[in-house]
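Heads up: the structure comes next, in structure tokens.
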Amino acid sequence: MDKVVIGIDGGTESLRAGVFDKTGRMLGSHAHPYETQYPHPGWAEQRPEDWWTAVGAAVRGAVAAAEVTPDQVAALCLDTTCCTVVALDADGAPLRPALLWMDMRSAAQARAVAGVTGGDPALVVNQGGAGPVSAEWMLPKSLWLAQCEPATWARAATICEYQARAHDYLNLRLTGRLCACTNNMAVRWHCDTQRGERGRPLSLMAKLGIPELAGKWPQEEVAPGGRVGSLTEAAAQHLGLAAGTPVAQGGADAFIGMIGLGVVAPGQMALLTGSSHLQLGVVGSELHGRGFFGTYRDAVLPGCSVIEGGQTSTGSVVHWFKWVGRRGGGHRGSGLGMRVALDGEAAAVPPGCEGLTALDHFQGNRTPHTDPLSRGALAGLTLKHGRGHVFRALLESVAAGTAVILRAMSASGYLLPSAITLAGGAARSELWLQIHADMSGVPLRLTRECEAPMLGCAILAAVAAGWYADVPGAVQHMVHVERQVEPDPAAVAAYAVPLARYAALYPALAPLFHGDHDHD
């Protein structure tokens, strides 16, 4: 019987597992949802035990859908959201719900990290040291725990990620081994392979008054594609697989998605779309500038350094609109029929939505402003505007946010590629794909498998299983480009004014978001 590998993608709304053959073709998949709690505006939490339930259900469902047997599975690998922070006690049990990657409660702590007296070399990834630092990252969330939940902090033997419980955490549950991922550490933990102290930001921790964090982080680390261990008997029973099945290290979902898109060489760029958007460019030399993060050295593979732009709420804004628009309430998910209907209404609206402009900062802004207090907005509403106008304005705002980030990168010397390889939710909407291409003015390349993070994990599992000598070699066999979406010159021109309106909206509204006009 032919061997297969399993790629697992722990996302914001669900955990998905896919079974892949040696050519990168998905033979079957299954998704298991979990809930996000929003205790306060800007906060977002998940229960770590829900992830464990989901990985068992998703893997079992994918194996059944692919009609393969457990002994055919050569290896598995998982990625997760980043940076979803978990506090574990000495027995590896969660002490509280996880702080989801989009949780913005640590805004004040992020400012403290960026403003440490005398600066710190670790901050160079934050726009060359000029800041700001995102509240999404590991150090601000850790500092919040230390300052605002000191009892939890004192009991926490381990501070890690969904990926430690899920990646860090789930790998621990799968193999019994607690180890951090060099990918997550490079892109969210202020770690650098070319700095001393094992690349860890020990001096920055000390300046923040939390030197003990160094001892709470996993002491071992494994790079993507490295072998974490093998499935324990208990984990194998939970997943319905064979004990001893190799488990390869994954990483942060979008960055592993780069591998699934074949974006592993300088000059290439990936656009990962889902609940959030990430614009990830591979660079051959160090580059810093305003409006984006990085350079993250050796972030994905050795010698594969990355710059990053990102939007915190994109696909989640689309889900929000469908949720609030459904009569009688309901959950945040939605059927395909409603999305098709909304796309049809939006397609009937001209570019620019007849003067209606949206701001996509529903859960703050990652780049170019890095403002956790920013919020979503609609500007220019009239009695002429209908549901199609509002929905298209939201789609355009996300695409405009991407275009603004690409401009910021270009302004710092980054040479945009001849085409950007895209995957994720936006690939399922021809309208939204075209809006992205037209707003940015750059062609979009699409691969056969749009679930790039799952395929990226499958590629890493294939290398761990010995199918291919290295990741670039596996990419050649498992990633296949199918088509390209070209910008429409007329639409590119038509979007010049709407794009300028979008760029002006955040500076105009920022004083409101920051309470400058609030009075007792």
Side-chain angles (χ1 to χ4, degrees), residues 5-21 23-31 58 62 76-82 101 163 167 181 183-184 187 224-225 248-265 268-282 299-301 304 306 308-311 314-315 402 417 419-429 432-433 436 443-463 468 471-472 474-485:
V5 291
I6 297 178
I8 304 168
D9 176 31
T12 302
E13 298 172 355
S14 66
L15 185 143
R16 300 169 291 278
V19 177
F20 294 84
D21 65 15
T23 72
R25 186 174 297 279
M26 187 188 293
L27 305 177
S29 67
H30 188 77
L76 60 93
C77 175
L78 65 90
D79 69 61
T80 65
T81 58
C82 176
W101 63 270
Q163 215 189 313
H167 190 201
C181 177
N183 170 237
N184 296 57
V187 305
Q249 180 70 289
D253 48 6
F255 290 83
I256 301 306
M258 296 174 69
I259 297 172
L261 291 174
V263 177
V264 294
Q268 297 178 320
M269 173 173 272
L271 174 55
L272 281 300
T273 69
S275 297
S276 63
H277 272 34
L278 283 95
Q279 302 81 17
L280 302 171
V282 184
V300 180
L301 302 170
C304 184
V306 178
E308 173 195 5
Q311 297 159 263
T314 57
T402 291
I420 296 172
T421 309
L422 178 144
R428 300 184 183 94
S429 167
W432 210 10
L433 276 174
H436 275 85
L444 300 176
R445 186 177 293 135
L446 285 90
T447 57
R448 181 180 70 187
E449 180 50 65
C450 69
E451 296 287 355
M454 267 200 292
L455 178 56
C457 283
I459 289 170
L460 294 174
V463 174
Y468 305 105
V471 172
V475 163
Q476 292 297 316
H477 288 87
M478 299 179 73
V479 180
H480 309 276
V481 175
E482 284 200 330
R483 65 189 180 100
Q484 188 161 294
V485 178

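Worth saying up front: this structure is predicted, and the values here are computed from it rather than measured. The figures that follow rest on heavy atoms only: side chains count, while hydrogens, waters and symmetry mates do not.
In this structure, the side chains of T314 and T273 stay at 4.5 Å or more apart for every pair of heavy atoms. The shortest distance between side-chain heavy atoms of V264 and L301 falls below 4.5 Å. Contact of the H436 side chain with the I420 side chain is not registered, since no non-hydrogen atoms from C-beta on lie closer than 4.5 Å. A heavy-atom distance below 4.5 Å is found between the side chains of S275 and E13. With a 4.5 Å cut-off on side-chain heavy atoms, V5 and L76 do not count as touching.
The line from CG of D253 to OG1 of T12 is 7.0 Å long, rounded to the nearest 0.5 Å. A distance of 11.5 Å separates CD1 of I6 from SG of C77, quoted to the nearest 0.5 Å. D79 CG to N183 CG: the interatomic distance, rounded to the nearest 0.5 Å, is 9.5 Å. Remark: T402 OG1 to Q311 CD distance equals 3.5 Å, nearest 0.5 Å. Remark: M454 CE to F20 CZ distance equals 5.5 Å, nearest 0.5 Å. Taking SG of C457 as the start and CG of D9 as the end, the distance is 6.5 Å to the nearest 0.5 Å.
Ring geometry for H277 versus W432: interplanar angle of 30 to 60°, hence tilted.
By the 6.0 Å contact criterion, NE2 on H477 is open, its count of non-hydrogen atoms from other residues, nucleotides or ligands being 12 or less.
Heavy-atom minimum distance, G262 versus Q268: O-OE1, 3.2 Å.
The only member of I459, L261, I259 that meets side-chain contact (heavy atoms from CB on, under 4.5 Å) when paired with V479 is I459. Of the candidates M26, R483, M478, E482, R448 forms a side-chain contact (heavy atoms from CB on, under 4.5 Å) with just one, namely E482.
With sequence neighbours left out, the ring-ring contact (aromatic ring centres under 6.0 Å, His included) criterion links W101 to no other residue.
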Evaluate the salt bridge (charged side-chain N to carboxylate O under 4.0 Å, His left out) criterion for residues R428 and E451: first the C-alpha distance (whole Å), next the side-chain angles of each, then the deciding distance (0.1 Å), finally the verdict. CA-CA 11 Å; R428 300 184 183 94; E451 296 287 355; 2.5 Å; yes
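Counted by atom type alone, S14 and R16 present one or more donor-acceptor pairs between their side chains at under 3.5 Å.
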